Amino acid sequence: MGGEEPPGVAARALSGPEQADDLPDGLLVADRDARVVVFNTAAERMTGIAAAAALGCDFRDVLPLHDAEGRDWWKCLAPYDGLPTRTRHPERSLFLPGGTELLVTAGYRRGDGGRVERFSVCMRDAQRRARQERDRADLVSTVAHELRSPLTSVKGFTATLLAKWHRFNDDQKRVMLETVNADADRVTRLITELLDVSRIEAGRLEMRRQVVDLPDEVRKVIAGRVAAGDAEDRFRFEVRGALPEMWLDPDKMDQILGNLVENAVRHGAGTVTIVVEPDAHKEGAAVSVRDEGEGIPPEAVQRVFRQFWRGPGGNRRGGTGLGLYIVKGLVEAHGGAITVRRAPGGGAEFRFTVPAGAPDHAS
């Protein structure tokens, strides 16, 4: 509701109940005598009260709202008896007698002498906001849990080296420092994921587009996996047809490809096949990443790109469950789309498309 018109402004624009019924939010409008004159379909749905039973009744009886301490909100607010300078009330969480939580804001239309001519109450279902708050809490909890392990390792090895440096030979020191370095990289990756999620949710991803050789980006990702210890014959790469000139953000494209390939290696099995080809309209490129594992259960397909989805096996393989959510956000920031389906040879196939063409101002 923050930054939106007060409900009184919206109510003044309404000329009949049909228009009020077009509003996605619940709307109650009371006249100068506090009698309900508008009670739209969304308000019926949220409160369970029929419009026919509400119209003509005192709005305080139709909508008996209480705050979290159980106080009668209309007695606290006194909309018809309070200061004549009031024009609106900011959003507040209030409750119906049955415990249903609503996000409520209100506005006034005043006549001569500040008398209330119309009092408008706008309502929204609080469940979606509660889910968002739970998601944020889950995100903080998940990242905090994932950070604890590498930070404990870094602290332990560092303290041990400082206290007993001369007791270890060079090989032992090297192993400890390599572990510290790997855990520091893990912390950096987790923080980067958290920042990416924040930017995606806020719509603040910055794109630094330049001409990118997409097949070459795939080759670099595969080379990085092999250098990290994966078998070279685990990967198969195919380029099918000539691609148009692709203006993409190379860092974000590396992140997309790296996450998809890592997902195929970690959760899949057999050969990981990456195919790059022109898209169906030959106006961009399509990239497919396939594995030969168990695949994704049909009932889970709709959840794959949500936060914290970890695939078959749940938590046992580690990770925050943010990788595919971030991949989807980065692909869409390029103007593309991503889907998942069963691969031709079994397993999962993630396929994304990105459009071609130079932006107005390439950076």
Side-chain angles (χ1 to χ4, degrees), residues 1-137 201-203:
M1 300 271 182
E4 299 177 4
E5 287 185 329
V9 175
R12 289 199 295 272
L14 300 173
S15 60
E18 294 82 4
Q19 287 175 292
D21 286 340
D22 291 338
L23 294 174
D25 298 332
L27 177 66
L28 177 153
V29 181
D31 63 12
R32 65 173 63 190
D33 298 316
R35 301 293 174 180
V36 177
V37 294
V38 175
F39 197 77
N40 71 351
T41 301
E44 288 185 293
R45 183 181 68 251
M46 292 178 193
T47 63
I49 302 168
L55 295 174
C57 298
D58 190 299
F59 80 93
R60 290 161 287 205
D61 296 329
V62 172
L63 200 64
L65 294 172
H66 295 79
D67 63 14
E69 283 73 42
R71 294 173 296 188
D72 185 321
W73 185 240
W74 301 128
K75 287 182 179 179
C76 296
L77 202 64
Y80 286 76
D81 303 319
L83 293 173
T85 56
R86 292 186 297 182
T87 59
R88 69 183 301 266
H89 297 286
E91 183 180 274
R92 187 180 182 95
S93 177
L94 298 171
F95 300 86
L96 290 170
T100 300
E101 183 180 5
L102 298 174
L103 302 174
V104 179
T105 186
Y108 298 84
R109 177 181 176 182
R110 297 184 182 274
D112 296 336
R115 176 186 171 93
V116 177
E117 297 290 337
R118 290 167 78 89
F119 180 62
S120 304
V121 180
C122 191
M123 299 163 275
R124 283 184 176 172
D125 191 334
Q127 289 184 351
R128 181 180 179 188
R129 178 166 297 185
R131 285 196 299 269
Q132 291 175 333
E133 290 175 353
R134 285 196 300 270
D135 286 345
R136 292 191 184 100
E201 290 184 338

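Sequence positions, counted from 1, serve as the residue numbers for this chain. The model shown is predicted, which means the values in this text are computed figures rather than measured ones.
Relative ring orientation between F119 and H89 is described as perpendicular, the plane-to-plane angle rising above 60° on a 0-90° scale split at 30° and 60°.
Contact of the F39 side chain with the I49 side chain is registered, since non-hydrogen atoms from C-beta on lie closer than 4.5 Å. Contact annotation: the side chain of D125 never approaches that of R45 to less than 4.5 Å [non-hydrogen atoms, C-beta and beyond]. Annotation: side chain of W74 is in contact with side chain of V121 (closest heavy-atom distance under 4.5 Å). Using a 4.5 Å heavy-atom threshold, the side chains of D67 and L94 count as touching. Two residues are said to be in side-chain contact when any heavy atoms from C-beta on lie closer than 4.5 Å; F95 and E101 meet this criterion. Within the 4.5 Å cutoff, side-chain heavy atoms of L96 are placed close to those of L65.
Heavy atoms only, all atoms of each residue included: L27 and S120 are closest at CD1-CB, 4.4 Å. The two atoms that bring M123 and L28 nearest to each other are CE-N, 4.2 Å, heavy atoms only. Counting all heavy atoms, side chain and backbone alike, P64 lies closest to P97 at O-CD, 3.5 Å. Taking both residues in full, the closest heavy atoms of R32 and Y80 are given as O-CE2, 3.4 Å, listed atom of the first, atom of the second, then distance. Nearest approach of R60 to A34, heavy atoms of both residues: NH2-CB, 3.4 Å.
Every side-chain contact (heavy atoms from CB on, under 4.5 Å) that C57 has, sequence neighbours left out, goes to V62. Residues passing the side-chain contact (heavy atoms from CB on, under 4.5 Å) test with D33, sequence neighbours excluded: D31, R35, R115. By the side-chain contact (heavy atoms from CB on, under 4.5 Å) test, R110 is found to be paired with P84, R86, Y108, V116, residues two or more places apart in sequence or in another chain being considered.
Summarising the geometry, atom CG belonging to L103 is positioned 9.0 Å from atom CE belonging to M46; distances are rounded to the nearest 0.5 Å.
Between the side chain of E44 and the backbone N or O of A51 there is at least one donor-acceptor pair closer than 3.5 Å.
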